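Each remark here refers to the structure printed beneath this line.
These numbers come from a predicted model, not from an experiment.
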2 protein chains.
Amino acid sequence: MALDHAILVSLLEQPGSGYELARRFERSIGYFWTATHQQIYRVLARMERDGLLAVRAVPQQGRPDKKEYSVAAPGRAALARWLHEPVEPESLRHDLAVKIRGAAFDDPAALIGEVERHRQVHSDRLAHYLAGEHRDFTGPDAPAPLDAGQELQHAVLRGGIAYERMTVAWLDDVLATLRRIGGPSAPDA
Amino acid sequence: MALDHAILVSLLEQPGSGYELARRFERSIGYFWTATHQQIYRVLARMERDGLLAVRAVPQQGRPDKKEYSVAAPGRAALARWLHEPVEPESLRHDLAVKIRGAAFDDPAALIGEVERHRQVHSDRLAHYLAGEHRDFTGPDAPAPLDAGQELQHAVLRGGIAYERMTVAWLDDVLATLRRIGGPSAPDA
DNA sequence: CTTGTCTATGCAACGAGTTGCATAGCAGGA
DNA sequence: TCCTGCTATGCAACTCGTTGCATAGACAAG
């Protein structure tokens with residue numbers, strides 16, 4: 001299970017509370033691994049119980065205390081072990097592709113709005129990634145010689161950028177196809 | 001839940017047994033939605049119980065009977081309803097990206113073999129998709145004017161091709177990065 | 001002064017997905 | 001002959017992931 005390992009990596013990059021992790025999972029890490037706060041709290045509790053993580057209660061003024069988690073030695077070892085194991089190349093779960101094939105049995109033109117909406121989301125994500133890349137890696141405020149960790153984060157971000165660019169281009173292709181067949185051919189049903 | 005709908009689409013394209021569906025999910029449909037035979041049998045049983053599918057026992061010589069499922073009217077209606085609902089743009093679950101970021105806390109060079117293995121898998125899938133595209137859509141044996149369903153299947157396949165091409169290129173980028181930082185910089189641990 | 005939002009954590013229930021195992025006949029190779 | 005593998009279906013147990021709800025103090029807007 002990779003959620004454990006995603007949390008370990010994130011805590012090694014920067015210790016933090018469950019709440020903070022949940023927000024990171026909405027941002028950088030979450031681009032490649034999503035998780036809700038419930039999942040995160042449950043996994044943190046389990047990993048702490050198993051001695052992979054250390055907790056420290058941090059009092060805050062005007063707020064409930066937060067539990068700051070950091071990676072203990074056994075957690076680091078568990079991550080290292082996982083890094084040396086092969087993982088399965090992932091398979092996609094692409095609802096929209098199912099819908100596109102399904103549109104043949106309904107009205108293809110009715111899907112245009114939905115595809116446009118997805119295109120917008122991916123286009124926004126792309127802009128967001130590009131802004132992050134400029135801020136952290138390629139812009140004037142970026143650290144001059146990147147260390148290994150930053151190089152790797154940048155490489156992963158380039159993957160996200162390539163993915164979103166590819167997706168936007170593909171959805172444009174799909175839209176053109178839907179408009180082409182929406183005209184001449186009648187819906188199948 | 002999209003497994004139901006993926007099954008409906010697949011059965012509309014071609015009725016078949018659970019076993020046949022499981023094999024389709026290893027091929028075309030499975031490129032965008034994976035499922036094991038257990039999942040498929042369970043969902044087929046539920047959908048039949050709910051009247052979305054019709055079953056027909058087909059005797060076979062030298063083999064156990066197979067249950068051929070096809071989509072009943074309520075199933076078609078359920079699919080149509082889903083097609084008109086918005087779905088969430090999916091988020092990735094990319095183990096390898098987690099590993100790449102995690103490599104900063106281990107030996108980056110140790111990840112090269114793993115990344116090469118993934119590159120090979122994606123490169124094979126790409127070749128496989130391209131062969132399928134030539135066979136079904138662009139080659140001399142393809143149907144001359146494609147109908148709407150075929151146009152849409154082709155559009156989805158083009159998405160798979162674009163995805164695999166993008167992934168192979170990105171993994172090359174990652175490999176170059178790993179080799180670059182593997183030399184000068186020492187492992188963090 | 002009440003309502004809503006943000007930080008911060010968590011329980012309980014459910015549904016989705018995975019893994020291991022079982023059955024059963026037939027075909028082909030060592 | 002025995003072992004492996006393929007077609008064909010399914011149960012049981014488990015883990016993973018999602019959804020709804022709850023608590024609780026601080027702060028801002030209406």
B:Glu20 CD - D:dC6 P separation (whole Å): 17 Å
task: Take the protein atom OH of A:Tyr69 and the nucleotide atom P of C:dA8, then report the distance between them rounded to whole Å.
output: 13 Å
message: Measuring to OP1 and OP2 of D:dT9, would you say a side-chain N or O of B:Ser17 lies under 4.0 angstrom away?
response: yes
query: For B:Thr34, which residues count as a side-chain hydrogen bond (donor to acceptor under 3.5 Å, both in side chains) partner, sequence neighbours excluded?
result: A:Arg93
- request: Please name all residues satisfying ring-ring contact (aromatic ring centres under 6.0 Å, His included) with A:His122, sequence neighbours left out, ordered by chain then number.
  value: none
- request: Report the distance from atom NZ of A:Lys66 to atom P of C:dC6, rounded to the nearest whole Å.
  value: 18 Å
query: Closest approach of B:Leu111 and A:Leu83, non-hydrogen atoms and distance?
result: CD1-O, 3.9 Å
task: Can you check each nucleotide of nucleotides 16-24 of chain D against protein heavy atoms at under 4.0 Å and return B for base, S for sugar-phosphate only, - for none, in 5' to 3' order?
output: SBBBBB---
query: Do any side-chain nitrogens or oxygens of A:Tyr19 fall under 4.0 Å of OP1 or OP2 in C:dT9?
result: no
- request: Sort and list the pairs that fulfil side chain to side chain donor-acceptor pair (under 3.5 Å) and have at least one residue in residues 133-146 of chain A, not counting sequence neighbours.
  value: A:Glu133-A:His154
query: Is any side-chain N or O of A:Tyr41 closer than 4.0 Å to OP1 or OP2 of C:dG10?
result: no
field: Between C:dA8 (C1') and A:Glu26 (CD): distance, integer Å
entry: 14 Å
query: D:dA8 C1' sits how many Å from B:Arg56 CZ, rounded?
result: 16 Å
query: Could you state the CZ-P distance from A:Phe25 to C:dT9, rounded to the nearest angstrom?
result: 15 Å
- prompt: Run the salt bridge (Lys or Arg N to Asp or Glu O under 4.0 Å) check on A:Glu114 and A:Arg117 step by step: do they pass?
  reply: CA-CA 5 Å; A:Glu114 173 85 335; A:Arg117 195 172 59 83; 2.9 Å; yes
- prompt: Under the ring-ring contact (aromatic ring centres under 6.0 Å, His included) test, which residues partner A:Trp33, sequence neighbours left out?
  reply: none
- prompt: Whole Å only: how far is the CZ atom of A:Arg23 from the P atom of C:dA8?
  reply: 7 Å
task: Check the distance between C:dT7's P and A:Glu68's CD and give it to me in whole angstrom.
output: 17 Å
field: Any pair counted as side chain to side chain donor-acceptor pair (under 3.5 Å), so long as it reaches residues 35-57 of chain B, sequence neighbours left out
entry: B:Asp4-B:Arg46, B:Arg56-B:Glu68
